[in-house]
2 protein chains.
Amino acid sequence: MNLSSRQLKAFVALVEERNFTRAAKRCHLSQPAFSALIQSLEQEAGVRLFDRSTRHVDLTAEGHELETSARGLLTDMSLALENLRDHAAKRRGRVSVAALPSLAAGWLPELLARFHERYPGVTLQVHDAVLDPCLDLVARGEADFAVAALRPDMSDLEGQFLHADPFFLVCRQDHPLASRDRIRLRDALKWPWIATARNSSVRKHLEQALGDETPSALLEVAHLATVTGLVKAGMGIALVPAMTLFQFERPGLVIKPLSGRVPARRLYLIRRRRRSLSVAGQALYDLLLANAPSNPSGVE
Amino acid sequence: MNLSSRQLKAFVALVEERNFTRAAKRCHLSQPAFSALIQSLEQEAGVRLFDRSTRHVDLTAEGHELETSARGLLTDMSLALENLRDHAAKRRGRVSVAALPSLAAGWLPELLARFHERYPGVTLQVHDAVLDPCLDLVARGEADFAVAALRPDMSDLEGQFLHADPFFLVCRQDHPLASRDRIRLRDALKWPWIATARNSSVRKHLEQALGDETPSALLEVAHLATVTGLVKAGMGIALVPAMTLFQFERPGLVIKPLSGRVPARRLYLIRRRRRSLSVAGQALYDLLLANAPSNPSGVE
DNA sequence: ATCATTTGATCGGGAATACGGATGAATCTT
DNA sequence: AAGATTCATCCGTATTCCCGATCAAATGAT
């Protein structure tokens, strides 16, 4: 069984024109080529589809039988292709991106808005989750890619470096550290500090940087907004990456860079190895990569 | 837009095999040819449909999108073709034949039964009607062909001679004519006779044969069965073609040939000019033609 | 680290197919 | 009767298609 859309188109054209020469013209074919095309269709079908003399062209009963299905098939075909091309043109589609909460709240929204403005037909989904769930979502294919930190055990994921996010100290204006000029991480941690949850990338990063010397935190909270509140209330200090600072730019709080070798949190775009993204997904991926946060501190 | 079933089949094969070499084998193609076929489909679609490395073949998001429609299209195509081939093989179809009442009751049924036994999938329809409606049905395309007599004004119909149907006299055993040896038509018509309706082919034929000399009939009835009853009741004689005699073979009735030049009623298979019959229709047409009633009198 | 294996892509020549112009045959019109 | 229209056929050319061989990349075993 071999049937091409050219044959079906020729068939329909001939049904409508009832004239080989005109139908051929409509299909951008010479009359002999068109005639052969109809014959090939009849051969395929095993039945004569048209009664033709030099003066009349008419559907046979069997040709009539084919007419409905032929039109249906043609529209189905063109719908299928159009649907694909729509996806390709990002007029439709769906992109699911996983992002660390710190990024999902600050950096990401504006870019998502820009993407949406450009491709309004694409449905966007953001999973704001801490590192482990983020990576799981990508590994399971539920998210197209993630904006997150790396983890050692990512065998079937691959990361594209996006940004090095340096850490800052946040404390209250009246805190003793607020007036100091150069603050090392170790010094800061002598004070009571408020940590994010153990499975958050910020916390993991800090613990990795300090090794066993990490002093226990005063409090562990899930959301950065809570951290803000606690610092403002004078419960302690916080150590957070630059990209979350927008949450702390509030009166009464002081943001100070840390001196010394404090490794930055390295952020990546993370996707499945050997898997291409959907066209829409790739477009967002590229947009995010091209708009990696500027790096004021110059740390790579 | 040009899309062939070969491309779709290749696509589905690759989706299922996830391996070019095996999928190519399944399509009875070499691997390079198969590869090119997939590429042509991707070109047509405008999207990459598979992620392929030398080790893995996987559907892209767009490929996934196509999978459902591809399978649907393939089954629709093969259904359409199968339907046509069924018609060609007379496994399906519909034949509508118009026949004069005299034929529809006597000669036709057995042949229809034979046809039906051979092609049980074909629906049969018989219009038993007098000459004018018979021809109209064919002219309007509502019947595929008719078994009937000709009429002068059949410009767009064409007739294939089937059978010359000689006339016989039917009368009661105790009728004076019953014992006569040679009876001429004119002699017979001196007796009261029972005629069929004016628009019946039998009546038309008689009037044409006799010209203005046609004596008026005693009675005009629509159905031959009524004629039988009337003759049996002694109301008069009847003049009917041989093919209707089965209706008169009853005790107490005598059937006698007419001597002299009595033109036979000429029966034809009548179809639209320059129109092919459906495959099933042609088959029945041929069957009827091949089984034209034997002609005992030898009259053409 | 090195090498053999697997597998998809590419290349090149030969076969099959498709195409268009000219021609032929049938039919309708004038 | 002649001309016009139109579909089928023929035939030389151009294109496409297909296969075998080869290449290149990735993988896995040693």
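Order of the sequence lines fixes the chain letters, A, B, ..., with proteins taken first and strands second; residue numbering starts at 1 for each chain. Scope of the values below: all heavy atoms of this structure, side chains included, with no hydrogens, waters or symmetry mates.
To the nearest angstrom, C1' of C:dA9 lies 10 Å from CZ of B:Arg48. As rounded to whole Å, 11 Å separates atom P of C:dT10 from atom CZ of B:Phe20. Separating the CZ atom of B:Arg18 from the C1' atom of C:dT7 is a distance of 16 Å, rounded to the nearest angstrom. Summarising the geometry, the separation between CD on B:Gln31 and C1' on C:dA9 is reported as 7 Å, rounded to the nearest angstrom. One can place CD1 of B:Ile38 at 14 Å from P of C:dT10, the figure rounded to the nearest angstrom. Residue B:Leu37 contributes atom CG, which lies 15 Å from atom C1' of C:dA9 at whole-angstrom precision.
Contact annotation for B:Ser30: base contact, defined as any heavy-atom pair under 4.0 Å involving a base atom.
OP1 or OP2 of C:dC28 lies within a sub-4.0 Å distance of a side-chain N or O belonging to B:Arg274. Dashed line: the shortest gap from a side-chain N or O of B:Gln39 to OP1 or OP2 of C:dT10 is under 4.0 Å. Distances shorter than 4.0 Å separate some side-chain N or O of B:Ser35 from OP1 or OP2 on C:dA9. Between B:Thr21 and C:dG8 there is a side-chain polar atom (N or O) within less than 4.0 angstrom of OP1 or OP2.
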Steps toward side-chain hydrogen bond (donor to acceptor under 3.5 Å, both in side chains) verdict (B:Ser40, B:Gln7)
CA-CA 8 Å; B:Ser40 76; B:Gln7 292 172 311; 2.9 Å; yes
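Each salt bridge (Lys or Arg N to Asp or Glu O under 4.0 Å) pair with one or both residues in residues 68-81 of chain A, not counting sequence neighbours, appears once here: A:Glu16-A:Arg71, A:Glu67-A:Arg71.
In the set C:dC19, C:dA9, C:dG8, C:dC19 carries the atom at the smallest distance from any side-chain atom of A:Leu29. Counting only heavy atoms from C-beta on, B:Arg55 has its side chain closest to C:dT7 among C:dG20, C:dT7, C:dG8.
Each of B:Asn19 and A:Ala33 has a nearest nucleotide on DNA chain C; the 5'-most of these lies closest to B:Asn19. Residue B:Val57 is the one, among B:Val57 and A:Arg6, whose nearest nucleotide of DNA chain C lies closer to the 5' end (criterion: closest heavy atom).
In the 5' to 3' direction, nucleotides of DNA chain D lying under 4.0 Å from heavy atoms of chain B begin and end at D:dC18 to D:dT27.
The aromatic rings of A:Phe145 and A:Tyr285 sit perpendicular to each other, their planes meeting at more than 60°, with 30° as the lower class boundary.
With a 4.5 Å cut-off on side-chain heavy atoms, B:Asn199 and B:Leu131 do not count as touching.
Atom CD of A:Gln208 has 12 or fewer neighbouring heavy atoms from other residues, nucleotides or ligands inside a 6.0 Å radius.
Counting only distance, with no hydrogens or angles, the side chain of A:Thr60 and the backbone of A:Leu49 share a donor-acceptor pair below 3.5 Å.
Looking at B:Asp144 and B:Ser96, their side chains never bring a donor and an acceptor atom within 3.5 Å of each other.
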